[in-house]
Amino acid sequence: MVKPIIHIENVHKHFGRIHALRGVSLDVNVGEVVVILGPSGSGKSTLLRCINHLEVYDSGTIEVDGILLKTAQNINTVRREVGMVFQSFNLFAHLTALQNLTLAQRKVRKRSKAEAEKIARDLLKKVGITEKADSYPAQLSGGQQQRVAIARALAMNPKIMLFDEPTSALDPEMIKEVLDVMLALAKEGMTMVVVSHEMGFARAAASRAIFMDEGQIVEEGKPDKLFTNPTQERTKLFLSKVLQI
Amino acid sequence: MPSDGFFRNLWRSFQKKPPEILEQSPTPKLNFIPGAEPREKLDPWWWLVVAVAVLLVLLIALKPDPYWDIFLFVRDGLAITVELTVISFVFIIIVGLIGGLGRIAKNPVIHFIASLYVEIIRGIPLLVQLIWWYYAAPALIKEIGQAIHWDFMANYVANPFILAVVGLVVCYGAYMAEIFRAGIQSIPKGQMEASRSLGMSYLQSMIHVVLPQAIRVVLPPVGNEFIMLLKDTSLVSVVAVADLTRRGREFMAAHFNPLTVWTLIALLYLVLTLVAARFISWLETRRKY
């Protein structure tokens with residue numbers, strides 16, 4: 001059996017009195033695309049943020065690429081291998097698109113300026129925004145910003161990409177341009193964990209869909225099966241509401 | 001009669017220009033960041049600097065006795081005031097940055113020490129602090145030196161200038177720490193998270209991502225502190241530092257002409273602060289972000 005690249009075992013997380021994660025266990029294999037859905041407050045974003053330790057979990061273990069998330073040094077090593085894309089893009093506002101892509105390459109990967117810029121330009125070309133390389137984030141549309149953010153994460157050559165509701169803050173017509181980039185990435189065999197309610201993307205790209213509620217994984221399975229024939233009552237209720245829209 | 005349009009144009013030139021619309025494609029290359037558009041016009045408040053400077057020069061030129069004599073007498077004090085302000089300010093920025101980072105530190109010990117420093121120092125008048133550093137601190141050092149039989153400390157001789165710098169830095173550092181704390185906290189959390197998620201350390205993220213953006217926020221209040229510091233250096237005149245104010249007092253004691261002395265001293269301070277204010281305003285327009 002292949003060792004999973006992400007191994008999450010019985011993770012608990014509290015925010016004050018709120019029990020956000022109640023013993024979540026999940027394995028993700030190399031090349032898998034896992035889509036997590038669930039109502040707001042179900043803990044899906046928290047779980048995602050625990051994988052690169054942006055959120056500190058209370059108990060349980062998370063292993064990424066065989067590295068246990070515990071010491072500070074380990075955490076920085078893991079973060080290097082795990083790219084993250086945020087709902088609110090979080091591009092560095094004082095840097096151009098190109099500089100957004102080169103900063104961490106130079107500081108963390110210790111690449112030369114020329115090398116980092118070459119990689120950055122190639123990636124910007126890949127996500128389709130070559131002509132905006134010298135623009136600042138405030139000059140870009142939401143969809144363009146999110147594509148730059150994806151390119152910024154990719155510039156670190158991550159083994160895993162995490163997406164935290166990447167299209168939720170976007171206008172409908174910009175969602176497609178971001179999803180297209182994500183689809184292409186999935187086709188290339190990138191390991192991805194995606195928190196999203198984009199059913200179309202899940203059907204087209206996901207190898208597995210997971211439904212979370214109240215800090216627990218309620219149900220998981222092939223996206224087609226989960227969307228059309230959910231076994232749990234809670235999943236049915238949620239999907240009936242989401243699919244109506 | 002000057003045309004109405006002349007004044008209207010002049011007035012308009014003082015108004016802020018609306019930001020240009022940036023939705024042309026391909027995007028024009030900008031040498032500034034949206035939100036930090038450079039002002040093209042000369043800072044309109046330079047006229048006041050010029051007016052006060054002209055008044056000073058006129059006073060000295062038309063009535064060299066006593067104004068030129070007073071100026072010659074106090075000019076070394078003027079230099080001390082400027083030196084004291086600039087040297088103190090460099091250390092205040094450093095102390096403020098460390099204190100500000102300490103105030104937002106997750107480590108409870110560091111947070112406690114930084115908060116205690118700010119709370120205590122803000123609660124004591126600057127004049128009392130300066131006097132404490134000049135009179136009490138050397139006495140304390142001597143006593144400790146005697147207790148541990150260390151001659152270097154036991155025979156400590158107070159240097160008024162250094163102790164004045166220490167007093168100003170300790171006091172202003174606390175206010176500066178709060179300014180930096182507020183500036184750093186005004187930057188959205190997502191900036192730090194994004195930076196950390198790319199594998200950069202806390203310090204790297206601070207230096208390359210958060211602080212460059214915070215500078216834009218803190219520049220106006222930091223400039224304000226600089227001007228306040230420039231004026232507050234006059235307090236060191238009571239602790240044996242021969243600054244502009246002390247030199248003025250010395251001249252007055254010898255010649256009994258308070259009106260002319262203090263008018264000139266006031267004008268000299270005014271020129272300094274007005275120039276500093278224009279310099280800060282220029283810095284604000286100059287920054288790229």
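Please read these numbers as outputs of a predicted model, since none were measured by experiment. Just so we're on the same page: letters track the sequence lines, and every chain starts at 1.
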Peer 1: Can you tell me how far apart OG (A:S88) and CD (B:E193) are? Round to the nearest 0.5 Å.
Peer 2: 8.0 Å
Peer 1: Drop me the distance from A:R152's CZ to B:S195's OG, to the nearest 0.5 angstrom.
Peer 2: 8.0 Å
Peer 1: Within the supplied structure, the quantity of interest is the number of heavy atoms (other residues, nucleotides, ligands) at a distance under 6.0 Å from B:F91 CZ; does it exceed 12?
Peer 2: no
Peer 1: Donor-acceptor pair, A:H94 side chain versus B:H208 backbone, under 3.5 Å?
Peer 2: yes
Peer 1: For the residue pair A:F86 and B:A194, what are the closest heavy atoms and their distance?
Peer 2: CE1-CA, 3.6 Å
Peer 1: I'd like to know if the side chain of B:Q191 and the backbone of A:L91 have a donor-acceptor N/O pair within less than 3.5 Å.
Peer 2: yes
Peer 1: Just how far is it from atom CG of B:L198 to atom CZ of A:R79, taken to the nearest 0.5 Å?
Peer 2: 10.5 Å
Peer 1: Give, as side chain, backbone, both or neither, the part of A:R49 having an atom under 4.5 angstrom from any heavy atom of chain B.
Peer 2: side chain
Peer 1: Under 4.5 Å from any heavy atom of chain A, what part of B:Q204 do you find: side chain, backbone, both or neither?
Peer 2: side chain
Peer 1: If you count the non-hydrogen atoms of other residues, nucleotides and ligands that lie under 6.0 Å from CZ in B:F279, is the total more than 12?
Peer 2: no
Peer 1: Could you state the interatomic distance from CG (A:L54) to CZ (B:R196), rounded to the nearest 0.5 Å?
Peer 2: 8.5 Å
Peer 1: To the nearest 0.5 Å, what is the distance between CE on B:M192 and CG on A:N90?
Peer 2: 12.5 Å
Peer 1: Counting only heavy atoms not in A:E188, do more than 12 fall under 6.0 Å of its CD?
Peer 2: yes
Peer 1: Under the side-chain contact (heavy atoms from CB on, under 4.5 Å) rule, what do B:V209 and A:L95 come out as? Steps first, then yes or no, please.
Peer 2: CA-CA 9 Å; B:V209 176; A:L95 301 177; 5.7 Å; no
Peer 1: Report the distance from atom CG of A:L103 to atom OG of B:S205, rounding to the nearest 0.5 Å.
Peer 2: 8.5 Å
